[in-house]
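All of these numbers come straight from a predicted model, not from anything done at the bench.
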Amino acid sequence: MQNASLLAMAGLFALQSATSAFGQDSKRPVLHLSKHEARLAYTVQTVSVRAGCFPERLRAVLSHIAAKTGRRPMITSGLRPHPRRHGSLHGKCLAADIRMPGLSERTIIAAARSAPGIGGIGTYCNGIVHVDVGPQRRWVDC
């Protein structure tokens with residue numbers, strides 16, 4: 001049963017990857033994914049990570065990163081009801097901190113930069129990359 005579900009997920013991921021690649025050829029790529037399809041494009045680090053509230057445009061960014069790298073981003077932080085920094089997009093569920101074991105930060109950032117609708121991209125010393133759908137900006141916090 002587990003193998004069947006893994007095969008189904010792999011098939012959907014491959015289909016989504018092909019769809020994303022096709023959409024990149026048009027001048028204005030738009031991804032319309034069901035919540036189920038978009039969730040297959042990423043995983044969460046622990047059950048306490050809140051990612052179910054991600055809007056379609058953030059799920060599309062994560063799907064794009066997955067399609068470009070061939071690996072699913074692992075969400076280490078999504079919604080933070082009480083963010084530490086005032087104005088953090090994590091408080092509005094518009095940001096995700098991701099980790100992709102086995103890939104360099106440079107590879108992850110390159111994939112994120114090419115994502116339609118990407119806003120902020122930040123990097124941290126611990127290898128985590130922040131992506132959001134707010135205003136476009138870049139930073140290194142190390």
Side-chain angles (χ1 to χ4, degrees), residues 1-81 83-85 87-142:
M1 181 66 183
Q2 185 179 11
N3 286 341
S5 64
L6 288 174
L7 281 172
M9 286 186 355
L12 284 172
F13 183 72
L15 178 63
Q16 186 274 319
S17 296
T19 303
S20 295
F22 177 77
Q24 291 169 5
D25 293 336
S26 66
K27 290 185 179 183
R28 190 170 182 223
V30 176
L31 295 174
H32 294 286
L33 305 171
S34 70
K35 278 189 175 185
H36 179 72
E37 288 174 325
R39 284 191 182 155
L40 292 176
Y42 63 86
T43 185
V44 293
Q45 185 173 7
T46 65
V47 294
S48 63
V49 173
R50 298 177 180 181
C53 59
F54 287 165
E56 182 177 351
R57 60 187 198 245
L58 181 56
R59 292 190 318 261
V61 166
L62 294 166
S63 295
H64 179 87
I65 293 169
K68 283 288 195 182
T69 62
R71 296 186 185 189
R72 295 188 310 168
M74 178 187 301
I75 310 298
T76 61
S77 182
L79 173 66
R80 295 183 200 148
R84 293 180 205 153
R85 292 185 182 176
S88 169
L89 293 178
H90 284 282
K92 297 176 183 176
C93 205
L94 298 175
D97 290 340
I98 62 174
R99 178 184 297 271
M100 298 178 77
L103 291 180
S104 69
E105 283 182 28
R106 176 179 268 169
T107 301
I108 299 167
I109 292 167
R113 278 189 177 144
S114 67
I118 189 68
I121 301 173
T123 57
Y124 301 100
C125 292
N126 59 3
I128 291 176
V129 176
H130 169 101
V131 293
D132 67 52
V133 291
Q136 286 195 351
R137 63 212 185 288
R138 306 288 183 260
W139 72 91
V140 176
D141 191 1
C142 194

Within the side chain of R113, is there an N or O that forms a donor-acceptor pair under 3.5 Å with the backbone of I118? no
Is the ring pair F54/Y42 parallel, tilted or perpendicular, if the boundaries are 30 and 60 degrees? tilted
**Report entry** Neighbour count above 12 (heavy atom, 6.0 Å) for R50 CZ
**Finding:** no
Worksheet item: Parallel, tilted or perpendicular: which describes the rings of H130 and W139, with under 30° parallel and over 60° perpendicular?
Response: tilted
Tightest non-hydrogen contact, residues R138 and G119, listed as NH1-O, 2.8 Å
Between P116 and V61 the two heavy atoms that sit nearest each other are O-CG2, 3.7 Å
Closest non-hydrogen atoms of L79 and C53, given as atom of the first, atom of the second and distance, are CB-SG, 3.7 Å
When rounded to the nearest 0.5 Å, the distance separating CZ of R99 from CD of E105 is 9.5 Å
dist T43:OG1 -> R72:CZ (nearest 0.5 Å) comes out at 5.0 Å
Distance col, row N126:CG vs D97:CG, nearest 0.5 angstrom, shows 8.5 Å
To the nearest 0.5 Å, atom CG of L58 lies from atom CG of L89 at 10.0 Å
One should read off an interatomic distance between I65 CD1 and I98 CD1, to the nearest 0.5 angstrom, of 4.0 Å
Between the CD1 atom in I128 and the CE atom in M74, the distance rounded to the nearest 0.5 Å is 10.5 Å
Taking H64 for its side chain and S114 for its backbone only, find out whether a donor-acceptor pair lies under 3.5 Å. yes
### Query
Can a salt bridge be assigned to the pair D132 and R137 using a cut-off of 4.0 Å between side-chain N and carboxylate O?
yes
